[in-house]
Asks: 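The structure that follows is given in the form of structure tokens.
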2 protein chains.
Amino acid sequence: MTTLTPAGEKLLAAASTLFYRRGIRAVGVDLIAETAGTTKKTLYDRFGSKDALVALYLERRAAYWQGFLLDRMAGRTLVEVFDVLALWLADQDRGCAFVNAYAEIGGTDHPAEPVIRAEKEWMRAYLVDLARAAGLPDRLGIELHLLYEGATVMATAGGVPEAPALAKAAAERAVSACGSAPTSG
Amino acid sequence: MTTLTPAGEKLLAAASTLFYRRGIRAVGVDLIAETAGTTKKTLYDRFGSKDALVALYLERRAAYWQGFLLDRMAGRTLVEVFDVLALWLADQDRGCAFVNAYAEIGGTDHPAEPVIRAEKEWMRAYLVDLARAAGLPDRLGIELHLLYEGATVMATAGGVPEAPALAKAAAERAVSACGSAPTSG
DNA sequence: ACGTAACCACACCGGTCTGTATACTCGCAG
DNA sequence: CTGCGAGTATACAGACCGGTGTGGTTACGT
């Protein structure tokens with residue numbers, strides 16, 4: 001939650017929208033500065049490099065998504081994460097920003113790579129915690145995470161908008177299978 | 001299975017490796033031509049544009065993966081697709097080429113977009129057919145597809161190499177839950 | 001012998017890429 | 001009133017981008 005100057009915030013906001021919608025390499029720093037209504041000089045004064053700006057974009061986005069999820073999940077049950085996902089994907093039509101970023105920078109030593117890993121690990125831990133709180137085994141949280149990632153991919157790249165609903169149905173079956181045989185794993 | 005000239009094949013082979021390892025936008029046509037030991041002129045004579053080359057790269061890769069899968073699945077059972085996936089990912093360490101390509105070109109009118117959709121649909125249909133042949137409901141095949149996509153993401157962007165094995169365990173539970181209550185859906 | 005497909009070598013085009021430099025204005029705190 | 005951080009505007013560097021054009025060299029089928 002780094003504090004930025006006003007021009008810095010405008011740059012980060014413009015970069016976030018552009019990176020998500022068009023991809024990282026497809027967006028140049030000139031376009032970011034122009035969209036933000038400021039200059040490239042200010043961009044480099046604030047962020048140092050495009051790579052650092054990319055890392056910050058992903059950090060902010062992770063925080064935003066996590067806030068969105070925790071807010072919408074208040075008072076809801078485990079499998080309803082897929083309802084929240086469907087809600088999220090209705091606006092975010094380019095899929096998972098972290099998977100997309102990994103597609104462009106994966107395998108390099110880009111500063112954003114640990115941010116990507118951390119976001120996936122956060123989501124995994126969140127679902128495992130939720131399962132545990134419901135008296136269900138950890139492996140069920142992990143399974144739900146796989147369904148969650150699969151649903152995100154299929155809803156976007158796969159062109160199957162009902163994927164989150166399908167994943168929810170699968171998750172419900174997995175949960176009830178656990179309930180009827182709780183110590184079988 | 002378009003027939004290409006020898007130089008065309010060399011170009012497509014070089015492009016395939018480079019696109020997969022580094023991403024599409026990160027690789028220029030000059031580098032492709034140089035890596036193939038030929039010239040940019042020949043590239044444009046054979047393929048017309050970089051976009052067309054990208055589409056052909058994905059078509060060939062889909063055919064290669066499908067051949068690999070069908071070959072390794074001979075005589076195996078439904079859930080063993082995850083073993084084949086683990087085998088595949090041992091070599092292909094940059095994840096799903098189609099998800100990665102969608103991250104870079106999704107939302108545009110790029111000629112490769114239908115190729116991406118078709119590959120996801122093929123895999124979905126394959127798993128549904130396999131489920132059906134085993135006397136299991138279609139929805140189980142769809143569920144396994146979600147687990148498959150989730151496992152691919154987590155094994156690469158998520159940095160969890162055991163993801164296919166976790167997905168296989170989840171798939172086995174889903175299958176046995178079906179067996180014990182076959183007409184509950 | 002002739003046409004043609006395939007290929008190579010190389011130069012060129014306008015544009016864009018990340019990143020740096022120069023020079024100036026403004027508001028504010030010591 | 002002075003010094004500084006933040007901002008603007010603009011020009012530049014050197015490389016790379018996708019794509020085109022010219023000219024010359026093989027090899028092959030008719």
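What you are looking at is a predicted structure, and each value in this text was computed from that prediction instead of being measured. Convention: sequence-line order gives letters A, B, ...; per-chain numbering from 1.
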Asks: Closest nucleotide of DNA chain D for Ala7(A) versus for Asp51(B): which of these residues is on the 5' side?
Replies: Ala7(A)

Asks: Expressed in angstrom and rounded to an integer, what is the separation of Arg25(A) atom CZ from dT18(C) atom P?
Replies: 9 Å

Asks: Quick check: on DNA chain D, is the nucleotide nearest Arg46(A) upstream (toward 5') of the one nearest Lys40(A), or the reverse? Name the residue that is more 5'.
Replies: Arg46(A)

Asks: How close or far is atom C1' of dG14(D) from atom CG of Asp30(B), stated in whole angstroms?
Replies: 16 Å

Asks: Which nucleotide, dG19(C), dA9(C), dG19(D), lies nearest any side-chain atom of Lys50(B)?
Replies: dG19(D)

Asks: When the distance from CD of Glu9(A) to C1' of dG7(D) is rounded to whole Å, what number comes out?
Replies: 16 Å

Asks: Could you check whether Thr5(A) gets within reach of a base, just the sugar-phosphate, or nothing at all, counting any heavy atom under 4.0 Å?
Replies: sugar-phosphate

Asks: Specify the separation, in whole Å, of atom OH of Tyr44(B) and atom C1' of dA6(C).
Replies: 19 Å

Asks: Considering only dA9(D), dT22(D), dC7(C), which nucleotide approaches the side chain of Lys41(B) most closely?
Replies: dT22(D)

Asks: So, is the end of the Arg61(B) side chain (NZ or CZ) under 6.0 Å from the ring centre of Phe98(B) and within 45° of the ring's axis?
Replies: no

Asks: What distance separates Leu12(B) CG from Glu59(B) CD, expressed to the nearest 0.5 Å?
Replies: 10.0 Å

Asks: Taking atom C1' of dG7(D) as reference, at what distance in whole Å does atom CG of Leu11(A) sit?
Replies: 11 Å

Asks: Could you check how far CD of Glu34(B) sits from P of dA9(C), rounded to whole Å?
Replies: 12 Å

Asks: Would you tell me if any nitrogen or oxygen in the side chain of Thr42(B) comes within less than 4.0 Å of OP1 or OP2 on dC8(C)?
Replies: yes

Asks: Quick test of your reading of the model: are Glu121(A) and Arg117(A) salt-bridged, counting only N-O distances below 4.0 Å?
Replies: no

Asks: Can you check whether Leu31(A)'s main-chain N or O pairs, donor with acceptor, with Lys40(A)'s side chain at less than 3.5 Å?
Replies: no

Asks: In terms of the nearest nucleotide of DNA chain C, which residue is placed more toward the 5' end: Val27(A) or Gly37(B)?
Replies: Gly37(B)

Asks: Are Thr152(B) and Glu149(B) close enough that a side-chain donor and a side-chain acceptor fall under 3.5 Å?
Replies: no

Asks: Expressed as a whole number of angstroms, how long is the span from Lys10(A):NZ to dA6(D):P?
Replies: 15 Å

Asks: Using whole Å, what does the distance between atom P of nucleotide dT20(C) and atom CG of Leu43(A) come to?
Replies: 12 Å

Asks: Ser49(A) side chain: which of dT8(D), dG19(C), dG18(D) is closest?
Replies: dG19(C)

